[in-house]
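Below, all heavy atoms of this structure are taken into account, side chains as well, without hydrogens, waters or symmetry copies.
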Amino acid sequence: MIRKSEVTLHCYTKRTDVSYDLPADQQEFTMMPQDLIKRDAGNPEKHLIVIRARGEVAGFFELDESEDRKRYSDNPKALLLRGYSVNPKFQGRGIATGSLEALPAFLQKEFEAFDEVVLGVNARNIAAQNLYKKAGFEDTGRRVMGKKGEQFAMCLKVK
């Protein structure tokens, strides 16, 4: 297990090698990091975030301030978390929980204009729903139809 204090979040830079493959069952619910980077690097509304554990790239996600977030929240100070994944070699070691628990402090430091993180989790992705709940996300009751079915909108207030 990796201690939560060893899990840190960093804004992506081109110098960071973020390439790992996810098992097919995980690819059903998220994008590969390298695909997100290819699609969104350079877009000022898309913030690419690297999860590190003991100095190694352990995961990746995006914080999106585009109009897409309005599907999940009416809060103009919300960021949409998307494309979340943990490198398979780090799965089962506390990285996911540690990274999500580090998220509020990271937002207060790097994205202080925002006070909420929202996300859509597929209704069939029970493991992810449980992870987000464990990290303090709450089901808002809002439902969004995504490309791969119904998504539950969840939010985390950042003080």
Side-chain angles (χ1 to χ4, degrees), residues 1-12 16-40 46-66 68-73 75 78-107 111 114 116-158:
M1 270 317 245
I2 293 177
R3 292 191 305 274
K4 290 176 188 170
S5 62
E6 295 177 290
V7 180
T8 56
L9 302 177
H10 305 270
C11 292
Y12 169 80
T16 309
D17 178 23
V18 182
S19 59
Y20 51 83
D21 291 320
L22 294 169
D25 63 326
Q26 292 177 26
Q27 287 183 39
E28 179 183 1
F29 299 118
T30 193
M31 283 184 73
M32 298 290 285
Q34 48 273 37
D35 295 337
L36 260 175
I37 292 167
K38 209 178 293 179
R39 185 186 78 187
D40 293 340
K46 312 277 181 131
H47 309 285
L48 305 173
I49 310 300
V50 177
I51 303 167
R52 291 188 174 278
R54 297 182 180 158
E56 289 187 68
V57 173
F60 191 79
F61 61 93
E62 176 178 274
L63 293 172
D64 182 353
E65 62 177 288
S66 75
D68 287 355
R69 64 194 164 134
K70 293 180 179 177
R71 295 176 65 205
Y72 301 89
S73 175
N75 180 355
L79 284 170
L80 175 61
L81 187 152
R82 48 183 2 162
Y84 183 90
S85 67
V86 173
N87 184 332
K89 91 175 200 180
F90 285 97
Q91 291 180 9
R93 297 172 61 191
I95 302 299
T97 304
S99 66
L100 293 171
E101 288 179 1
L103 191 55
F106 179 74
L107 254 68
F111 300 95
F114 298 92
E116 181 181 47
V117 177
V118 294
L119 58 84
V121 60
N122 192 288
R124 294 178 289 117
N125 194 346
I126 305 301
Q129 291 172 41
N130 291 335
L131 167 68
Y132 293 130
K133 285 177 190 169
K134 182 178 176 183
F137 282 81
E138 295 178 4
D139 186 341
T140 66
R142 187 180 285 205
R143 300 296 179 253
V144 177
M145 191 50 74
K147 292 176 188 170
K148 299 189 178 165
E150 183 181 43
Q151 294 186 340
F152 298 161
M154 300 183 79
C155 74
L156 177 69
K157 302 285 185 195
V158 179

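One N or O on the side chain of Arg69 and one on the backbone of Ala78 form a donor-acceptor pair closer than 3.5 Å. No donor-acceptor pair under 3.5 Å is formed between the side chain of Ser73 and the backbone N or O of Lys70. Counting only distance, with no hydrogens or angles, the side chain of Asn122 and the backbone of Lys148 share a donor-acceptor pair below 3.5 Å. For the pair Asn125 (side chain) and Ala128 (backbone), a donor-acceptor distance under 3.5 Å is present. In this structure, Glu150 contributes its side chain and Val144 its backbone to no donor-acceptor pair below 3.5 Å. Counting only distance, with no hydrogens or angles, the side chain of Thr140 and the backbone of Arg142 share a donor-acceptor pair below 3.5 Å.
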Side chain to side chain contact (heavy atoms under 4.5 Å, CB included) between Tyr72 and Gln151: does it pass, once the steps are laid out? CA-CA 10 Å; Tyr72 301 89; Gln151 294 186 340; 2.7 Å; yes
Between Val50 and Val18, is the side chain to side chain contact (heavy atoms under 4.5 Å, CB included) condition met? List the steps. CA-CA 8 Å; Val50 177; Val18 182; 4.0 Å; yes
Give the intermediate values and the outcome of side chain to side chain contact (heavy atoms under 4.5 Å, CB included) for residues Leu131 and Gln129. CA-CA 5 Å; Leu131 167 68; Gln129 291 172 41; over 6 Å; no
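Residues Asp17 and Val57 share a closest heavy-atom pair of O-CG2, 3.6 Å. The minimum heavy-atom distance between Pro104 and Val158, with the atom names listed, is O-CG1, 3.7 Å. Considering every non-hydrogen atom in both Ile2 and Ala53, the closest pair reads CD1-CB, 3.9 Å. In plain terms, the two heavy atoms of Tyr84 and Ile95 that are nearest each other are OH-O, 4.3 Å. Val118 and Cys155 get closest at one heavy-atom pair: CG1-CB, 3.8 Å.
Atom CG of residue Leu103 and atom CZ of residue Phe137 lie 5.5 Å apart, to the nearest 0.5 angstrom. Distance check: Leu63 CG to Phe114 CZ gives 9.0 Å after rounding to the nearest 0.5 Å. To the nearest 0.5 angstrom, Leu79 atom CG is 12.0 Å from Leu119 atom CG. In this structure, the separation between CE on Met32 and NZ on Lys38 is 10.5 Å, given to the nearest 0.5 Å. For the atom pair Ile49 CD1 and Cys11 SG, the distance stands at 4.5 Å (nearest 0.5 Å).
Side-chain polar atoms of Ser66 and Asp64 form a donor-acceptor pair below 3.5 angstrom. For the 3.5 Å distance criterion, the side chains of Glu62 and Tyr12 fail to qualify, holding no donor opposite an acceptor. Of the N and O atoms on the side chains of Asn75 and Glu116, at least one donor lies less than 3.5 Å from an acceptor on the other residue. Side-chain contact annotation: Ser85 with Gln26, donor-acceptor N/O pair under 3.5 Å absent. For the 3.5 Å distance criterion, the side chains of His47 and Glu65 qualify, holding a donor opposite an acceptor.
Side-chain contact check for Pro88 versus Leu22: some heavy-atom pair is nearer than 4.5 Å. Taking the side chain as every heavy atom from C-beta outward, Thr16 and Arg52 approach each other to under 4.5 Å. Annotation: side chain of Val121 is not in contact with side chain of Phe29 (no heavy-atom distance under 4.5 Å). No side-chain heavy atom of Gln34 sits under 4.5 Å from any side-chain heavy atom of Phe60. Taking 4.5 Å as the limit, every side-chain heavy atom of Leu36 sits out of range of all side-chain heavy atoms of Phe61. With contacts defined as side-chain heavy-atom distances shorter than 4.5 Å, the pair Ile126/Arg124 does not qualify.
Ion pairing between a basic and an acidic side chain is recognised when a charged N comes within 4.0 Å of a carboxylate O; Asp68 and Arg82 show such pairing. A salt bridge links Lys89 and Glu56; the closest N-O separation between the charged side-chain nitrogens and carboxylate oxygens is under 4.0 Å.
No more than 12 heavy-atom neighbours from other residues, nucleotides or ligands sit within 6.0 angstrom of CD on Glu138.
Checking Leu156, Val117, Leu81 one by one against Leu100, the side chain to side chain contact (heavy atoms under 4.5 Å, CB included) holds for a single residue, Leu81.
Annotation: cation-pi pair Arg143/Phe152 present, NZ/CZ under 6.0 Å from the ring centroid and within 45° of its normal.
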